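The next block holds one structure in the form of structure tokens; read it before the comments.
Please read these numbers as outputs of a predicted model, since none were measured by experiment. Counting starts at 1 for both ligands and their atoms, following the listed order.
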Amino acid sequence: MKIAIIGGGAAGIFSAIQAGYQNPNAQIFVLEKSPKILSKVKISGGGRCNVTHTPLKITDFAKNYPRGEKFLKKILYEFNAQDTINWFEDKGVALKTEDDGRIFPVSDDSQTIIDTLLAEIHKLKIDIFTSTNVENLEITEEGFLLKILKQKDIFAHKVIIANGGNPKLESFKWLADLGHTIIPPVPSLFTFNIPQHILGELQGLSVSNTKVWLEGTKYEQKGALLITHWGMSAPAILKLSAYSARYLAEINYNTNVHINWLASYTEQKLRDFLEDLKKEHPHKKNKQNPFVEFPKRLWEYFIWKCDIDEEKTYSQLTKANINRLIEFLTNDTHTIKGKTTFKEEFVTAGGVELSEVNHLTMESKIIKNLFFAGEVLDIDGITGGFNFQSAWTTGYIAGKNVGK
Ligand SMILES: Cc1cc2nc3c(=O)[nH]c(=O)nc-3n(C[C@H](O)[C@H](O)[C@H](O)COP(=O)(O)OP(=O)(O)OC[C@H]3O[C@@H](n4cnc5c(N)ncnc54)[C@H](O)[C@@H]3O)c2cc1C
């Protein structure tokens, strides 16, 4: 039996390995359009590869997928984060969990993950054809004829499509031509551009516990926020971008973002804190940062923004000063104009409609012997290793079943 896998990314390579385990006699080959396989794994997690996320209850784990949550709830039972850990550790990869739940190889080098996957590929004698761009699939009586750009057609009895995400709808046209519904793709996991923003001078500062939300919507997230020279980044912003990916695309990434810089305080707690300051440290100058939650330079920015004289003392803070401070600390507003995916773990929201894929096998419900794995599906997670986990899970199921 000939099994073709289109795409040599995490999902394609992992599914090829699973197909090899399942059916050692099959002739399995991976067709990759670029000159290299696993190139995203290489650059992932800043070159360290955040391979998965710490195992959670399946329903909780699945909540980290703005698209595909229900589908993942059904398939994570087959192969979940613990299985990923076991699989890599079984192959000799030492893994470590960071405080935020992200899991990396102890080597802090994505090449460790690549080498492990490639060792299995070689052991199983799976062929890899790079610079092989599959343009289309023709269904024949026996299987599929893969149309390759500027090369001869290739025949396969069964095919796994694992060609990843792409924010351009045209790139899914050949899958739509096969009869599959494509949920229009839009980018997810991006940072916000805030042109000429006042905070730009504070680039590099981060605050660990903020709440951010988009004006006039229910989209809100909590977490760390990083001020960059072009705008804002870090988990709070990336998560917000993921959950609001489609909405932000519709409004062309043009809206206001609100920030509560002290998400752990209620308004009353903040008011009490500031009133206490006046009493407990009456002689301290306003420019002295009273909050451990954020850096001094950010406090100076608030003082400046609220027109508070930095040389005066806490005891001289007026009621109006305190009200203004509370307003800015809990509801600072900035205008977003555009997004940036540069260097971030960007993914595609949208792709092959999940109701057309059998979750037990990852086989198309429309075309027999055609399977899907990875980001080509309408599944995407937030940052933290969830996107690779989805690639491993769908790749595992597709590979196991294609090999049967
Ligand atoms: C910079 C960056 C860092 C990231 N870091 C992390 C991280 O640390 N943790 C995490 O969980 N996720 C991370 N992600 C997301 C993660 O990399 C992807 O979700 C994951 O790689 C998807 O795997 P995939 O195999 O489905 O797709 P891909 O990795 O995109 O692989 C698809 C492959 O198919 C090939 N291909 C496409 N079309 C064709 C065709 N017509 N013919 C043949 N081949 C084709 C492509 O060239 C590509 O090699 C990161 C993403 C980026 C961009």
Checklist entry - Can a salt bridge be assigned to the pair Glu353 and Lys365 using a cut-off of 4.0 Å between side-chain N and carboxylate O? => result no
Checklist entry - What are the atoms of ligand 1, with element, lying closer than 4.0 Å to any heavy atom of Ala10? => result 25 (O)
Checklist entry - Side chain or backbone of Ile6 under 4.0 Å from ligand 1, or both, or neither, by non-hydrogen atoms? => result side chain
Checklist entry - Considering only heavy atoms, does Thr132 approach ligand 1 within less than 4.0 Å through its side chain, its backbone, both, or neither? => result backbone
Next on the checklist: Is any side-chain heavy atom of Phe192 closer than 4.5 Å to one of Val257?
Outcome noted: yes
Checklist entry - Under the side chain to side chain contact (heavy atoms under 4.5 Å, CB included) test, which residues partner Asn331, sequence neighbours left out? => result Trp213, His258, Glu327, Thr333
Item to check | Proximity winner for atom 7 (C) of ligand 1, if only heavy atoms of Phe388, Trp174, Trp392 are counted | outcome: Phe388
Checklist entry - Does any non-hydrogen side-chain atom of Thr112 lie less than 4.5 Å from one of Val106? => result no
Item to check | Per-atom contacts of ligand 1 with Gly9, taking only distances under 4.0 Å to non-hydrogen atoms | outcome: 25 (O), 29 (O), 31 (O), 33 (C)
If you look only at distance, which donor and acceptor atoms sit under 3.5 Å apart when one is on a side chain in residues 53-60 and the other is two or more places apart or in another chain?
unit_1, atom_1, unit_2, atom_2, d
His53, ND1, Gly384, O, 2.9
Asp60, OD1, Lys63, NZ, 3.3

Checklist entry - Looking only at distance, does Gly165 have an N or O less than 3.5 Å from an N or O of ligand 1? => result no
Next on the checklist: Using a strict threshold of under 4.0 Å (side-chain N to carboxylate O), is an ion pair present between Glu201 and Arg297?
Outcome noted: no
Checklist entry - Is the shortest heavy-atom distance from the side chain of Phe190 to the side chain of Leu238 under 4.5 Å? => result no
Checklist entry - Which atoms from ligand 1 have a heavy atom of Asn133 less than 4.0 Å away? => result 40 (C), 41 (N), 42 (N)
Checklist outcome for this item: side-chain contact (heavy atoms from CB on, under 4.5 Å) with Val352: of Thr181, Asp378, Ile182, only one passes, and it is Ile182
Checklist entry - So, is the end of the Lys269 side chain (NZ or CZ) under 6.0 Å from the ring centre of Tyr265 and within 45° of the ring's axis? => result yes
Item to check | Per-residue contact class, Ser39 against ligand 1 - non-hydrogen pairs under 4.0 Å | outcome: neither
Checklist entry - Hey, which atoms in ligand 1 end up nearer than 4.0 Å to a heavy atom of Ser44? => result 3 (C), 4 (C), 5 (N), 6 (C), 7 (C), 8 (O)
Next on the checklist: A cation-pi test, strictly: NZ or CZ of Lys284 under 6.0 Å from the centre of the six-membered ring of Tyr314 and no more than 45 degrees from its axis. Yes or no?
Outcome noted: no
Item to check | Region of Val134 that comes within reach of ligand 1 [heavy atoms, distance under 4.0 Å] | outcome: both
Item to check | Where ligand 1 meets Ile43 - atom numbers and elements under 4.0 angstrom, heavy-atom basis | outcome: 1 (C)
Item to check | Ligand-side contact atoms (ligand 1) for residue partner Asn387, heavy atom cut-off under 4.0 Å | outcome: 11 (O), 12 (N), 15 (C), 19 (O)
Checklist outcome for this item: If we number the atoms of ligand 1 from 1 as shown, the ones under 4.0 Å from a heavy atom of Gly374 are 26 (O)
Checklist entry - Does Glu32 approach ligand 1 within less than 4.0 angstrom via side chain, backbone, both or neither, non-hydrogen atoms only? => result both
Next on the checklist: I'd like to check which ligand 1 atoms, numbered from 1 as shown, lie under 4.0 Å from a non-hydrogen atom of Lys40.
Outcome noted: 17 (O), 21 (O), 29 (O), 30 (O)
